[in-house]
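Read the structure below first, then the notes.
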Amino acid sequence: MARVLLTCELPPGGLDPLAEHEVVSRPSVLAADISDADALVCTLTDTVDAAVLAGAARLKVVANVAVGFDNIDVAAASARRIVVCNTPGVLDETTADLAFALVLAASRRTSEAEAELRSGGWRGWRLGDRPGRDVHGATLGLVGFGRIGQAVARRAEGFAMRVLHHSRHPTGRPGYVADLDELMAAADIVSLHVPLTSETRHLVDARRIGLMKPTAVLVNTARGAVVDEEALAEALHAGRIFAAGIDVYENEPSVHPRLLGAPGAVLLPHIGSASVATRLAMARLATQAVADVLAGRHPEHPVNPEVLA
Ligand code: DGY
């Protein structure tokens, strides 16, 4: 029986794959806390860096209950022959649903309209009230065309949108735009679907926001730091773009104060994958990965498979 450290509460059934093991709940991953663990199940809010891993003498596997793993120093884990696993695949459709909800909400600025109604400020229907931007027929620019980006593209088909996409490597698919600047300038709605890496940090900065149409909408369900939040807040306050739909932030759970007060900002608290079925699937994928590694089996989604070779 191995000792598995768990830093978060999993939905009922999420721990089933670990029935044979001792599961210990701890709220943090400080080095001292994981010295006795054989495995770690954590989330994107846990920083698993080289210092933490240095204290993990027995650790064989880290399973992140998330598809993004920018919270983990994978190189440091690999150097210690610790397998790192994530949860791709099971959350694509749910996250794409939420991205599309933000496309719609930001384009029609539904948060501001609802706030007016709730505050008692609504004076009845008027022809000129709160004109938004149409989503149907608009040009959608996807930055990143992995599983989630492609799932958003499928939804866009139903809205008769023209879909462009950019990724580091040519996809060979219709709508591929090699130059990100060109996509930023051409799209009515830009939606971000790239992981956070040293190359994508502040990929959407003041200059690229400046390339967007004044009528454009930016949607981010990827990672907060892909966007320069200060530049985005400035653009919204100055009316340089029409709106933004944001689910992720650079310093979660804090939200840039100028973004909180920005006109046209629809702000959600990182709920992209938050459906009952998807959160259970993520939990089970992570705990199954731990069970597999502990049993000497190949887990389904190692991010550093070379460690298993
Ligand atoms: C992930 O899995 O990386 C998401 O951000 C959380 O759903």
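Hydrogens, waters and symmetry mates are skipped; everything else that's a heavy atom, side chains included, is used. Residue numbers start at 1 and run along the sequence shown. We count ligands from 1, going down the list as the structure has it; atoms in each ligand are counted the same way.
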Worksheet item: Centroid-to-centroid, Phe100 to Phe159, below 6.0 Å?
Response: yes

Item to complete: Could you check Val4, Val61, Thr7, Asp46 and say which one makes a side chain to side chain contact (heavy atoms under 4.5 Å, CB included) with Leu40?
Response: Thr7

Discussion item. Testing the 3.5 Å rule here: is there a donor-acceptor pair between the side chains of Thr87 and His301?
Written reply: no

Practice prompt. Flag the pair Arg207 and Asp181 as a salt bridge only when some basic side-chain nitrogen lies within less than 4.0 angstrom of an acidic carboxylate oxygen.
Written response: yes

Discussion item. List the residues meeting side-chain contact (heavy atoms from CB on, under 4.5 Å) with Leu268, not counting sequence neighbours, and say none if there are none.
Written reply: Leu98, Leu102, Asp247, Ile271

Discussion item. Using the ring centroid of each side chain, check whether Phe145 and His166 are separated by less than 6.0 Å.
Written reply: no

Pairwise, report which nitrogen or oxygen atoms of ligand 1 are under 3.5 angstrom from protein nitrogen or oxygen atoms, and how far apart they are.
from, atom 1, to, atom 2, distance (Å)
ligand 1, 2 (O), Val67, N, 2.7
ligand 1, 3 (O), Val67, N, 3.4
ligand 1, 3 (O), Gly68, N, 2.9
ligand 1, 3 (O), Arg223, NH1, 3.4
ligand 1, 3 (O), Arg223, NH2, 2.7
ligand 1, 5 (O), Arg223, NH1, 2.7
ligand 1, 5 (O), His270, NE2, 2.7
ligand 1, 7 (O), Ser273, OG, 2.4

